[in-house]
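Here the structure is laid out as C-alpha cells; the discussion comes afterwards.
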Amino acid sequence: MELLRGSIRDYAWGSRSAIAELQGRPAPSAGPEAELWLGAHPNAPATVQRDGSPVSLADLLTAEPTRWLGGRVVERFGPRLPFLLKVLAADAPLSLQAHPDREQARAGFTAEAGRPEGARNYVDPHHKPELLVALSPFEALCGFRDPAESAVALAMFGVPALEPVVAALGGGAAGLREAVRLLLSWPADRRAALVAAVLAAEAAGPDAELARALAADYPGDPGVLVALLLNHVWLAPGEAIWMPAGNLHAYLRGTGVEIMAASDNVLRGGLTPKRVDVDELLRVLRFEVLDDPLVPPEAVSAGVVRWPVPVEDFALHRVTMGAGAPSVRLGLPGPRVVLCRAGRLSADDGRGVVSLVSGQAAIGPADAGPLVLTGVGEAYVATAGLD
C-alpha cells in the first residue's frame with residue numbers, strides 16, 4: 001500500500017469545515033471545500049510520492065495498467081480506474097441531475113463529437129451510477145415519489161398556472177414525463193413570477209418549507225418545483241442511497257462518502273445557472289416511482305459491511321474495528337483505495353504497510369496480496385465490482 005493524496009475541489013456549494021475537520025486541519029477553511037477526490041480522474045487525479053515528489057495516479061496507471069488494475073479490470077474497462085471515491089461535503093444544494101446508462105453515453109458521446117465543450121452533454125462514453133453513504137445527517141432528493149403525492153403538494157399552493165402540471169400528475173407514472181416537461185419548459189420570462197407565486201401562497205408543511213429553502217438559493221428556478229416531484233430523504237450516518245442511470249436526484253446538505261463510475265456525464269434539471277437540455281434530459285430520465293431510495297448494508301464478516309449495487313464498476317465496503325477486534329483481513333481484488341474515516345489504522349497488502357489517520361487514504365495495486373487492516377477506527381474500502 002502507498003499513501004494517496006487526494007485532490008480537493010472548491011465548488012461554491014462546499015462546506016468550509018467538514019473536510020478540514022475530517023483531515024484534522026483548522027476550520028473554517030479559507031474557501032469552500034466541496035469534494036475530496038481519491039482516484040485517477042483526469043480533471044483532478046490523486047497523487048502518490050515518488051522520490052520525494054508527487055506523481056499523478058493517472059500517470060502510474062497509464063505506465064503500468066496491468067500491474068495496477070489487473071488483467072480483468074483492463075479487459076472489462078480498458079486501462080483506466082473504473083471508479084472514483086469521494087468525500088462530498090455540501091453546505092448548499094447541488095443541481096438536480098441525472099446520468100445516462102452505458103448505451104446512452106456511448107451514443108451521445110459519438111453524436112456530439114465536434115461540438116464545443118460548453119454545448120456538450122456527453123464528455124465521455126461512460127455511464128455514471130452513484131452510491132452515497134452518509135457520514136453526517138444528510139438531506140437529499142432521490143427518485144420520483146408517488147405522482148398522487150406530488151399532485152397534492154403542488155395543488156396546495158393554489159396557483160392556477162400549475163393546474164396543467166397537477167392534471168398531468170393525475171395520470172400516474174405516465175404523467176410524470178409531461179409534468180417535468182411542463183415545468184422545465186416554462187417560458188424563461190415567466191419563471192420568476194411562477195416561483196414567486198408559489199412562495200407567496202399561504203401553504204404550510206414540508207413541501208412548502210422545501211420550496212422556500214430551495215428558492216432562497218435558486219430564485220426563479222423551475223427546479224424548485226421539479227424538486228417537489230421527488231423523494232425528500234434524510235439519511236442518518238451510515239445510511240446510503242443509490243442513484244442508477246436515469247434517476248433524477250440532488251444532494252442538499254451534509255457530508256458523505258460517495259463512489260461512482262468514473263465519468264463526467266451530467267444532465268441537469270434545474271437548481272443551477274448552468275445549461276439545462278430539457279429534451280435530452282427527458283430522453284434519459286426513467287419516469288418510474290422509486291418507493292424506497294435507501295440501500296441497506298449487507299454484513300460480510302465481523303465489522304465489515306458492504307452496499308450491494310448492480311454494477312461492476314465499483315464496490316464499497318466499510319470496516320469498523322474496535323479494541324477487541326483490532327485486525328481485519330479482506331480478500332478483495334485490487335486495485336484498492338482505503339480511506340480512513342476515524343481513528344488510527346495501518347493498511348498492509350504484502351507490498352507495503354501504510355499508517356493512516358482520519359482523512360488520509362492509501363492505494364494498493366492489483367498484483368498485491370490480501371489487504372489487512374489493523375488498529376482502532378473506521379475505514380472505507382473501494383474496489384472494482386468484479387467478483
Side-chain angles (χ1 to χ4, degrees), residues 11-18 32 34 88-98 132 134-166 168-170 176 179-180 182-184 186 190-237 239-241 243 247-256 268-273 276 289-294:
Y11 309 131
W13 47 262
S15 168
R16 291 174 181 260
S17 60
L88 182 145
D91 261 3
L94 284 67
S95 63
L96 284 170
Q97 57 188 262
L132 181 134
L135 296 180
S136 72
F138 198 97
E139 183 182 5
L141 303 168
C142 185
F144 291 110
R145 63 176 174 174
D146 186 335
E149 295 179 8
S150 300
V152 171
L154 293 183
M156 73 177 178
F157 294 108
V159 176
L162 287 176
E163 290 175 2
V165 181
V166 173
L169 292 169
L176 277 172
V180 173
L182 286 169
L183 290 171
L184 292 183
W186 213 268
R190 292 164 47 198
R191 290 177 178 176
L194 175 64
V195 175
V198 168
L199 298 181
E202 296 182 359
D207 290 301
E209 292 176 6
L210 174 62
R212 293 184 181 109
L214 294 177
D217 289 301
Y218 300 99
D221 191 317
V224 170
L225 301 178
V226 176
L228 301 184
L229 310 184
L230 305 180
N231 293 298
H232 191 186
V233 181
W234 289 266
L235 302 176
E239 293 186 318
I241 48 174
M243 281 72 62
N247 172 294
L248 190 61
H249 61 276
Y251 300 143
L252 302 183
R253 280 176 179 79
T255 304
R268 294 178 177 85
L271 305 183
T272 178
V276 176
V289 175
L290 181 60
D291 292 323
D292 187 0
L294 272 65

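Scope of the values below: all heavy atoms of this structure, side chains included, with no hydrogens, waters or symmetry mates. This one's a predicted model, so the numbers in the text were calculated from it and none came from an experiment.
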Self-check item: Exercise: identify the closest heavy-atom pair between L94 and A250
Solution: O-CB, 3.8 Å
Quiz item: Do side-chain atoms of H249 reach the backbone of A98 as a donor and acceptor pair under 3.5 angstrom?
Solution: no
Quiz prompt | Which residues share a side-chain contact (heavy atoms from CB on, under 4.5 Å) with E149, sequence neighbours left out | solution = R145, D146
Quiz prompt | Heavy-atom side-chain contact between L230 and L248 under 4.5 Å | solution = yes
Quiz item: Hey, what do you get for CZ (F157) to CG (L225), rounding to the nearest 0.5 Å?
Solution: 7.0 Å
Quiz prompt | L141 CG to L214 CG distance, which is reported to the nearest 0.5 Å | solution = 6.5 Å
Quiz item: Which atoms form the tightest heavy-atom contact between A89 and A18, and what is the distance?
Solution: CB-CB, 3.7 Å
Quiz item: Roughly how far apart are C142 SG and L235 CG, rounded to 0.5 Å?
Solution: 8.5 Å
Under 3.5 Å, which donor-acceptor pairs link side chains of residues 190-205 to any protein atom two or more places apart or in another chain?
residue : atom : partner : partner atom : Å
R191    : NE   : W186    : O            : 2.8
R191    : NH2  : L184    : O            : 3.1
R191    : NH2  : W186    : O            : 3.3

Quiz item: Taking only residues two or more places apart in sequence, or in another chain, which ones meet V276 in a side-chain contact (heavy atoms from CB on, under 4.5 Å)?
Solution: R268, T272, V278
Quiz prompt | Interatomic spacing from CG in L135 to CD in E239 - rounded to 0.5 Å | solution = 12.5 Å
Self-check item: Check: N231 side chain, G143 main-chain N or O, donor-acceptor pair, under 3.5 Å
Solution: yes
Self-check item: Note, W13 side chain near L271 side chain (heavy atom, < 4.5 Å)
Solution: no
Quiz prompt | CZ on F144 to CG on D291, rounded to 0.5 Å | solution = 14.0 Å
Self-check item: Least distance between heavy atoms, V233 atom then P293 atom
Solution: CG2-CG, 3.8 Å
Exercise. Using the salt bridge (Lys or Arg N to Asp or Glu O under 4.0 Å) rule, collect all pairs that involve residues 215-228, keeping only residues at least two apart or in two chains.
Key: D217-R253
Self-check item: All side-chain hydrogen bond (donor to acceptor under 3.5 Å, both in side chains) counterparts of E139, not counting sequence neighbours
Solution: H232
Quiz item: Quick one: side-chain hydrogen bond (donor to acceptor under 3.5 Å, both in side chains) partners of T255, sequence neighbours excluded?
Solution: none
Quiz prompt | Inter-residue atom distance L162.CG - L154.CG, 0.5 Å rounding | solution = 5.5 Å
Quiz item: Looking only at heavy atoms, which two atoms of A211 and V224 are closest? And how far apart?
Solution: O-CG1, 3.5 Å
Quiz item: Considering residues at least two apart in sequence or located in another chain, which fulfil the side-chain contact (heavy atoms from CB on, under 4.5 Å) criterion with A179?
Solution: V165, A168, L169, L229
Quiz item: Excluding sequence neighbours, so at least two apart, what forms ring-ring contact (aromatic ring centres under 6.0 Å, His included) with Y218?
Solution: none
Quiz item: Looking only at heavy atoms, what is the nearest atom pair of D91 and S15, with distance?
Solution: OD2-CA, 3.5 Å
Quiz prompt | Residue pair A140 / Y251: nearest heavy atoms and the distance that separates them | solution = CB-CD2, 4.2 Å
